[in-house]
J.: 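Pasting in a structure now, in structure tokens, and then I'll have a few things to ask.
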2 protein chains.
Amino acid sequence: MPRTKSYDDKIVLERAMNVFWNNGYEATSVRLLEKEMGINQFSIYSSFSSKKQLFIESIRTYGEHVKKNVYQDLLMEGAGMKELEHYLYRAARKKREPGTSRGCLVVNTAAEIGRSDEDIVREVNGYFGFIRNMLRKVLQTAVAKGEISATTDIEKQSAFFLGVMQGLSVASKTMDPDQLNDFISLAVKQIQ
Amino acid sequence: MPRTKSYDDKIVLERAMNVFWNNGYEATSVRLLEKEMGINQFSIYSSFSSKKQLFIESIRTYGEHVKKNVYQDLLMEGAGMKELEHYLYRAARKKREPGTSRGCLVVNTAAEIGRSDEDIVREVNGYFGFIRNMLRKVLQTAVAKGEISATTDIEKQSAFFLGVMQGLSVASKTMDPDQLNDFISLAVKQIQ
DNA sequence: TTCATATCTAACCAAACGCTTAGAAACAGG
DNA sequence: CCTGTTTCTAAGCGTTTGGTTAGATATGAA
């Protein structure tokens, strides 16, 4: 009976994610969101309740985004050191032209919001928990494959590489490609 | 002849730095600034011209702050690996109670503002250039002292530790103290 | 004591903020 | 073709934003 929606929640959510990713949470206005999402404020609020809730769903969408487009190789069965190194070097090489390196949305959020909003902290922790688990599994596979020592401390190493990835997100905005490459090459060498 | 100022620019600037450090740039309003700085908007604007200029001077003040209170040991003549390790472990252990770990103001700024404002980018680059030079000098001293190999690639290693420090700033908001310690212990071990 | 000059208080500005709402428009089952 | 329900448009809500201004208040050299 009702009128049908003229937009797809998933699609406009991905657009919202990109707006937050480009500008940060506070610097993103609802006016800018309605412009970039292609729907007006009424639709934003009726679908996503509030700017904060839209941001939280954007973070979740970002999690799905990176699973498909950033960490896809690392998430495949059998991914080990080769895939981890490949990802890190690729991330260091990115330095995209259009957005001029916007880093990781969740790192940006952790830096901007800190611990002042517990709902957002929950999303941030969930995201990094996922990344950490991905790293644990990759490192376990690397041990099984004999790429790294059987005595490797998986907990320590996964914490290390998570820290490196968080550093890489910031460094991608502040270092030139050569520095980034040096940073990653030593991080990777460390495990051998 | 004129009426004298009732406040000290340096003192109110340090207060402004803390407000930006706690809340980020966008989330800091001029009303909050006047409350925390203890002077009113007229005085803020007559002394610092604009919110952005006040922020830029706050970043410079932060640079002075860390020279005196954070990197003082690393900046002393003769500081080498021992001092670098000591600093990193201390930073990993901090997790302050009042502000609940606000990270590094300049890392937060790089993450929040990105490259969208060139005046701020200039300050950020200046700050990290200084840190990088500090690391270079510490590593050179460490070589001279025989703490690390004479064949150490100072450029690579200083880029690595800068990346680690940027990661540490983010990680201090997202990791628990044990993880942080693991992260740092492997970063330090890497150079040996 | 006068007086030019700078600082202070407090009210004020237009614009932008997040969010809401009344009424028109579109749909699908009866 | 109704009719109930939902979505849409567009105007509007009160509040807060960064920044300004008029006039009162100090100040210290002359």
Side-chain angles (χ1 to χ4, degrees), chain A residues 1-59 61 109 112-113 116-120 123, chain B residues 1-59 61 105 108-109 112-113 116-120 123:
Chain A
M1 301 129 125
R3 180 172 178 175
T4 52
K5 268 192 191 178
S6 65
Y7 58 92
D8 182 321
D9 278 22
K10 276 196 175 178
I11 290 175
V12 297
L13 203 42
E14 251 170 56
R15 293 183 188 147
M17 172 196 81
N18 276 299
V19 181
F20 284 123
W21 197 357
N22 284 324
N23 307 304
Y25 178 70
E26 291 289 347
T28 296
S29 71
V30 181
R31 265 78 176 179
L32 179 59
L33 283 167
E34 69 174 329
K35 195 179 151 197
E36 297 293 318
M37 293 169 78
I39 60 178
N40 63 16
Q41 295 199 47
F42 171 87
S43 300
I44 291 177
Y45 283 97
S46 78
S47 281
F48 306 105
S49 305
S50 68
K51 183 191 173 187
K52 183 177 135 180
Q53 192 56 37
L54 174 59
F55 182 59
I56 286 176
E57 298 202 32
S58 293
I59 293 178
T61 299
T109 301
E112 182 184 346
I113 313 290
S116 63
D117 186 299
E118 61 176 22
D119 297 321
I120 293 176
E123 296 302 316
Chain B
M1 296 128 125
R3 179 174 179 175
T4 52
K5 268 192 192 177
S6 65
Y7 59 94
D8 181 322
D9 278 22
K10 276 197 177 178
I11 289 175
V12 296
L13 202 43
E14 251 169 57
R15 293 183 188 148
M17 172 196 80
N18 276 299
V19 181
F20 284 123
W21 196 357
N22 284 325
N23 306 307
Y25 178 70
E26 291 289 348
T28 296
S29 71
V30 181
R31 265 77 178 179
L32 179 59
L33 283 167
E34 69 175 329
K35 195 178 150 196
E36 297 294 317
M37 292 169 80
I39 61 178
N40 64 16
Q41 295 200 51
F42 171 87
S43 299
I44 292 177
Y45 282 97
S46 77
S47 281
F48 306 103
S49 306
S50 68
K51 183 190 171 188
K52 183 178 134 180
Q53 193 55 38
L54 174 60
F55 182 59
I56 285 176
E57 298 201 31
S58 294
I59 293 178
T61 300
L105 170 62
N108 295 351
T109 301
E112 182 185 346
I113 313 290
S116 62
D117 187 298
E118 62 177 20
D119 297 321
I120 293 175
E123 296 304 316

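Naming convention: chains lettered A, B, ... in sequence-line order (proteins, then strands); numbering from 1 in each chain.
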J.: Assuming nearest nucleotide by heavy-atom distance, tell me which of Lys52(A) and Thr4(A) is located more 5' along DNA chain C.
T.: Lys52(A)

J.: Hey, is the side chain of Ser29(B) poking within less than 4.0 Å of OP1 or OP2 on dT17(D), counting only N and O atoms?
T.: yes

J.: Using 0.5 Å steps for rounding, measure from the CZ atom of Phe55(A) to the CD1 atom of Ile113(A).
T.: 5.5 Å

J.: Atom CG of Asp8(A) to atom C1' of dC8(D): distance rounded to whole Å?
T.: 17 Å

J.: Mind calculating the distance between CZ (Phe48(A)) and C1' (dT7(D)) to the nearest angstrom?
T.: 14 Å

J.: How many Å lie between CD on Gln41(B) and P on dA10(C), as a whole number?
T.: 13 Å

J.: Taking all non-hydrogen atoms of both residues into account, name the closest pair between Ile59(B) and Leu105(B) and its distance.
T.: CA-CD2, 4.3 Å

J.: At less than 4.0 Å, is any side-chain N or O atom of Asn40(A) found next to OP1 or OP2 of dC8(D)? Yes or no.
T.: no

J.: Relative to each other, are the rings of Phe20(B) and Tyr25(B) parallel, tilted or perpendicular (30° and 60° limits)?
T.: parallel

J.: Out of dT20(D), dC8(D), dC19(C), which nucleotide sits closest to the side chain of Tyr45(B)?
T.: dT20(D)

J.: Measure from NZ on Lys5(A) to P on dA28(C) and round the result to the nearest Å.
T.: 15 Å

J.: Does Thr28(B) reach a base, just sugar-phosphate, or nothing at all? Heavy atoms under 4.0 Å.
T.: sugar-phosphate

J.: So, is Ser43(B) near the phosphate of dC8(C), with a side-chain N or O under 4.0 Å from OP1 or OP2?
T.: yes

J.: Send over the distance from Ile44(A) CD1 to dT21(C) C1', rounded to a whole Å.
T.: 16 Å

J.: Counting any heavy atom closer than 4.0 Å, what does Tyr7(A) reach on the DNA or RNA strands: base, sugar-phosphate only, or nothing?
T.: sugar-phosphate

J.: Quick one: which of Ser43(B), Ser47(B), Ser46(B) gives a side-chain hydrogen bond (donor to acceptor under 3.5 Å, both in side chains) with Lys5(B)?
T.: Ser47(B)

J.: If you only use heavy atoms from C-beta on, which nucleotide in dC19(C), dT5(D), dG18(D) is closest to the side chain of Pro2(A)?
T.: dT5(D)

J.: When only distance counts, do a donor and an acceptor, one from the side chain of Arg3(B) and one from the base of dT7(C), lie under 3.5 Å apart?
T.: yes

J.: Rounded to the nearest Å, what distance is computed from the CZ atom of residue Arg31(A) to the P atom of nucleotide dG18(C)?
T.: 7 Å

J.: Provide, to the nearest angstrom, the distance between the CZ atom belonging to Phe42(B) and the P atom belonging to dC13(C).
T.: 19 Å

J.: Take atom NZ of Lys51(A) and atom P of dT17(D), then tell me their distance rounded to the nearest Å.
T.: 12 Å

J.: Any donor and acceptor pair, going by atom type alone, linking the side chain of Glu34(A) with main-chain N or O of Gln41(A) inside 3.5 Å?
T.: yes

J.: Would one find a side-chain N or O of Ser6(B) under 4.0 angstrom from OP1 or OP2 of dC8(C)?
T.: yes

